[in-house]
Amino acid sequence: MICRGFVVLEREMNSSFPRAIRSTISPSSLVFKRPKPPFFAALSRSISVSSMPTSPNPQIPLFLRPPKFSSTLSDLQKWQEWAKSIALSVGSKFVDIDNGPDTILLCRELKWLLEDAVEDKSTVPELGSAKNGRLVRLKADIEELYVLWKQRIEERRPFQYIVGCEHWRDLILSVQEGVLIPRPETELIVDLVGEVVLENKGLGDGIWADLGTGSGAIAIGIGRILGSGGKVIATDLSPVAASVAAYNVERYELQDKVEIRQGSWFEPLDDVKGALVGLVSNPPYIPSHLILGLQAEVGKHEPRLALDGGENGMDDLLHLCKGAALMLKPGGFFAFETNGEKQCEFLADFLTNKLETSFHNVKVVYDFAGIQRFVTGFHN
Amino acid sequence: MGNFIAMRRSTDGSLHLRNPAIRTYLVSLLFSSLSESHNKPPNISHLNSQPVIGSSFRVLQSFSRFSCSSFEVETIKKLACFHHFFVPPSGVHWFSSQAVIEPKTSDGLTVDNIVARRWTILDESESDWKSHAAAIAQSIQLIKKRLQWKKMVIRLEMLSAELNRSDLWDDPVHAGKISREHGSLMGKMKEVNGFEQELFEHIDMLKLAREENDGELESESIRALLRMRRSTKEKELQALLSGEQDSCSCFIEVQAGAGGTESMDWAAMVMQMYKSWAQHRGYGVTVVDEMPGEIAGIKRATIKLDGEYAFGYAKAEVGVHRLVRISPFDSGKRRHTSFAAVAVIPILGDVSSRFQINESDLRIERFRAGGAGGQHVNTTESAVRIVHIPTGVTATCQNERSQHQNKAMAMAVLQSRLDQLEMARQAQLNAQHTQSLTEISWGNQIRTYVLHPYQMVKDLRTNYEVSDPDSVLDGDLDSFILSFLSSSLDKDEDNL
Ligand SMILES: C[S@@+](CC[C@H](N)C(=O)[O-])C[C@H]1O[C@@H](n2cnc3c(N)ncnc32)[C@H](O)[C@@H]1O
């Protein structure tokens with residue numbers, strides 16, 4: 001528990017660039033593209049036309065499933081006690097191994113799992129006291145609940161895949177294996193967009209792009225703050241991500257505002273070249289050699305395609321930075337999430353000084369934990 | 001600690017306490033921490049006419065971290081007088097006066113007269129007009145007591161005076177507040193006067209019927225009295241919850257006293273008791289913040305109750321709850337005494353009367369797992385803590401499932417804490433303001449739960465007791481709450 005705790009966030013921490021560049025990463029080593037996993041490498045080449053996702057049916061989050069099952073209150077309570085006892089046995093073991101969840105967190109997740117699994121949330125507090133045979137309706141078989149919790153603890157399967165959703169901002173997004181679980185840090189990208197849209201109404205009525213949209217989190221967040229003329233095109237190479245994003249867009253009834261296209265980075269965006277008012281992305285940015293040491297929930301379960309950013313983690317970020325000038329209208333805004341200080345500083349310098357068509361007002365923005373996380377700016 | 005209290009009138013018209021000690025005192029008044037401290041408990045009894053902190057405090061080794069010098073107390077008193085100076089002297093009233101005129105029957109009977117005559121009150125089924133009239137008069141008197149009639153009259157005069165000031169609308173927010181309160185008090189007063197009027201009309205009608213020997217009219221009047229007897233009886237209960245904030249939703253906070261796992265377990269039992277109680281009453285229950293104990297129970301927790309009159313009822317629970325039992329955590333099977341403190345904070349419905357929070361006064365702290373963050377980490381932990389720097393008031397929320405939601409909830413808690421702080425402050429500045437129950441009883445030990453060697457739950461304020469702790473711990477609290485609310489309002493002769 002030593003490294004967990006509260007980090008004091010000073011308001012207005014967003015210091016503005018430029019700063020002294022201390023990066024040790026040489027640009028040439030970055031241009032090197034990492035080998036893509038063969039399947040996706042093939043895909044990224046073969047899919048050049050944008051296509052609506054037709055791929056696998058997305059899974060329905062637990063809390064949205066019909067309450068087809070039932071159990072007695074006391075059986076459910078037995079399950080809860082069992083689940084709690086194995087959560088208790090974890091202690092700080094996972095924290096020590098790889099900074100994973102501790103007992104307190106697992107107990108909270110258990111409560112949430114229960115809330116998602118029962119038809120009527122208000123029965124949850126009754127579990128502690130009532131000892132009776134009353135039936136409760138459930139959205140998963142009680143046997144399945146045993147299996148799910150075992151997976152959570154023994155396989156370290158992420159809680160969000162267990163319940164099939166992640167609460168992000170004020171949204172509940174469907175997620176499943178093959179799709180990155182959106183991170184709380186990324187919530188800020190929507191706020192950053194909100195700020196520039198507030199300052200410049202024109203940006204709220206133009207076309208935006210969210211590249212590598214995953215669950216559709218950023219695109220949906222932006223879609224809800226744009227004006228009536230605004231629109232977001234969200235792309236992803238992964239067919240699973242594209243179909244999950246489409247499902248989430250539909251759940252928030254944003255089909256008219258957010259369009260999902262499957263394909264690699266700018267490839268599906270030929271028709272809007274130079275016409276975008278905004279470009280945002282949280283591309284894979286973890287250096288390849290760090291993938292193996294990741295927290296089990298991440299490394300063993302989340303898609304490598306969503307995490308691995310090549311040798312220095314900047315393959316995709318650089319690709320996006322280079323393409324941004326071509327895609328954005330003059331005055332257009334961009335925001336990219338990065339791995340931290342090194343990448344931020346490198347990219348900010350790259351965008352300001354190394355490109356022919358340069359950008360202005362390039363800034364590095366801190367996340368809530370005080371880490372330099374985002375690079376933002378405007379096309380000249 | 002010889003500092004003085006610097007107060008600054010800000011643009012929104014609220015005063016800010018600059019002295020950290022007083023600030024902390026006010027904060028601790030709202031929700032004193034049960035953590036151990038080496039300072040002696042503050043002696044603040046001169047602030048209110050009743051001692052705020054009883055001797056039971058010492059059992060818990062003090063709730064508060066500082067003491068308040070008499071100098072500061074004096075300053076507060078002076079400020080209160082100072083404030084008073086601006087209030088037009090009472091007695092100068094314009095539009096509240098006629099409402100105060102006491103209704104009478106044609107031959108001069110008043111409610112007080114009727115009660116004083118001690119007519120025997122028979123069962124409802126006896127169609128005796130005197131019995132009905134006496135029961136109604138008694139109910140009306142009780143309702144008046146519960147509405148704190150005297151104070152209400154004074155308050156109304158004050159409000160009327162303010163409403164008559166020519167510069168009233170220079171501050172529209174304040175004016176709105178004043179006229180809303182005036183309207184609401186007038187409404188209550190008129191309703192009760194209406195009861196009196198109605199009672200006397202029935203009595204006059206009955207007497208007339210007798211004089212005229214009109215049997216039909218007589219029995220109709222008696223039936224009308226009976227109907228009224230029933231409806232005023234119902235109003236008695238409603239009048240228990242006539243405080244300004246009673247109808248609000250609220251937060252309930254429970255904090256374990258010293259004593260490790262046993263008292264943390266007790267705190268969890270108390271919290272469970274409120275959850276069950278709230279569920280039975282049909283309130284929405286949300287856990288806002290919970291700090292579990294290492295082995296069992298909770299160190300502290302906050303829940304939110306949504307529904308009508310949640311605060312009105314729950315405020316009766318404010319104070320320290322004591323448990324005596326053989327601890328399941330003691331291998332020696334010894335008897336233990338533990339404590340849990342309960343605080344209740346109303347969630348004000350009237351947005352205009354809320355404390356204005358300045359964004360730049362906030363420090364927002366968020367949980368994060370150590371390390372690189374971002375894509376490296378997947379955690380469902382998204383706790384947010386917000387500190388209001390000028391007052392030191394904090395609020396934490398970690399039970400929502402997104403950081404965004406946790407922040408929103410923590411802000412809601414913080415807002416209510418600051419609102420309560422503001423109310424406490426105003427209560428001190430305004431001598432006319434009726435002291436709220438929460439202020440009076442906070443810090444006192446209010447109830448004992450004995451599971452061993454015998455079984456009993458006893459309220460120390462009312463002496464109400466039951467011999468079945470299990471049902472109480474299962475949330476059967478209404479009789480405790482009602483007996484407290486009625487005793488605290490009914491016994492106070494000043495209320496009439
Ligand atoms: C770190 S995830 C971000 C997902 C989502 N935007 C979020 O913030 O939660 C990176 C995303 O980029 C997608 N991606 C990886 N390579 C891509 C490519 N060549 N073209 C388009 N998307 C790609 C991955 O499938 C993954 O969904």
Side-chain angles (χ1 to χ4, degrees), chain A residues 2-12 95 99-101 103-105 107-109 111-112 122 125-126 128-129 158-160 165-172 180-181 183-187 282 284-286 290 294-295 297-298 301-302 306-307 309 337-340 367-371 373, chain B residues 268-269 271-276 278-280 282-287 290-296 303 359-387 396 398-408 470 473-475:
Chain A
I2 326 145
C3 43
R4 297 186 152 214
F6 279 96
V7 169
V8 175
L9 174 77
E10 291 299 332
R11 309 184 67 262
E12 265 104 50
V95 179
N99 210 11
T103 291
I104 293 177
L105 198 50
C107 286
R108 202 176 301 148
E109 291 180 1
K111 198 192 91 199
W112 291 334
S122 67
E126 275 175 47
S129 53
F159 175 74
Q160 299 91 336
C165 71
E166 164 72 336
H167 291 231
W168 191 83
R169 292 182 68 85
D170 49 350
L171 306 169
I172 303 179
L180 185 101
I181 297 157
R183 306 291 197 253
E185 283 88 343
T186 311
E187 290 183 351
N282 172 19
Y285 55 59
I286 300 180
L290 295 180
L294 287 172
Q295 179 199 345
E297 278 81 2
V298 181
H301 297 273
E302 292 196 286
L307 303 167
E337 184 172 324
T338 79
N339 197 35
D367 67 16
F368 57 75
I371 295 178
R373 182 65 67 193
Chain B
M269 287 162 72
M271 194 41 119
Q272 185 57 45
M273 171 171 86
Y274 292 129
K275 284 182 189 167
S276 311
Q279 287 229 301
H280 293 319
Y283 294 135
V285 180
T286 322
V287 178
E290 199 169 66
M291 265 262 274
E294 285 83 11
I295 296 165
I303 56 170
E359 278 265 354
S360 60
D361 284 343
L362 299 180
R363 189 172 72 229
I364 300 176
E365 303 169 4
R366 298 171 204 239
F367 175 91
R368 70 174 190 97
Q375 290 167 15
H376 294 257
V377 180
N378 172 8
T379 175
T380 48
E381 175 67 273
S382 53
V384 173
R385 176 163 61 204
I386 307 182
V387 184
T396 310
Q398 74 273 79
N399 264 50
E400 297 288 325
R401 284 161 73 165
S402 87
Q403 194 149 117
H404 194 81
Q405 306 284 70
N406 273 328
K407 187 183 161 200
D470 285 348
L473 292 171
D474 273 347

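Residue numbering restarts at 1 for every chain, and letters A, B, ... go by the order of the sequence lines.
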Atom group of A:Ile172 that falls short of 4.5 Å from chain B, counting heavy atoms
neither
So, the part of A:Arg169 with a heavy atom under 4.5 Å from chain B: the answer is both
Where does A:Trp168 contact chain B at under 4.5 Å (heavy atoms): side chain, backbone, both or neither?
backbone
Could you tell me whether the side chain of A:Arg373 and the main chain of A:Thr338 form a donor-acceptor pair under 3.5 Å?
yes
Can you list the steps and then say if A:Gln295 with B:Thr379 is a side chain to side chain contact (heavy atoms under 4.5 Å, CB included)?
CA-CA 10 Å; A:Gln295 179 199 345; B:Thr379 175; 5.6 Å; no
Looking at A:Leu180, A:Thr186, A:Ile181, A:Asn282, which one has more heavy-atom pairs under 4.5 Å with chain B than the rest?
A:Asn282
Pick one of side chain, backbone, both or neither for A:Pro158, based on which atoms fall under 4.5 Å of a heavy atom in chain B.
both
Part of B:Ser382 lying under 4.5 Å from any heavy atom of chain A
neither
Is a side-chain donor-acceptor pair under 3.5 Å present for A:Gln160 with B:Asn378?
yes
So B:Arg366 and B:Gln403, side chain to side chain contact (heavy atoms under 4.5 Å, CB included) or not? Walk me through it.
CA-CA 8 Å; B:Arg366 298 171 204 239; B:Gln403 194 149 117; 3.1 Å; yes
State whether A:Arg108 and B:Glu290 are salt-bridged, where the test is any N-O pair (Lys NZ or Arg NE/NH1/NH2 against Asp/Glu carboxylate O) under 4.0 Å.
no
Run the numbers on A:Phe368 and B:Val384 for side chain to side chain contact (heavy atoms under 4.5 Å, CB included), then give the verdict.
CA-CA 10 Å; A:Phe368 57 75; B:Val384 173; over 6 Å; no
For the interface with chain A, which of B:His404, B:Glu400, B:Arg401 has the highest count of heavy-atom pairs at distances below 4.5 Å?
B:Arg401
Using modelled atom types and a 3.5 Å cut-off, is there a donor and acceptor pairing between side-chain atoms of B:Gln375 and backbone atoms of A:Tyr285?
yes
Which answer fits B:Val287, side chain, backbone, both or neither, if we ask what part of it has an atom under 4.5 Å from a heavy atom of chain A?
side chain
Chain A contact via B:Asn406 - side chain, backbone, both or neither, heavy atoms under 4.5 Å
neither
Who among A:Glu166, A:Glu187, A:Glu297, A:Lys111 has the most heavy-atom pairs with chain B under 4.5 Å?
A:Glu187
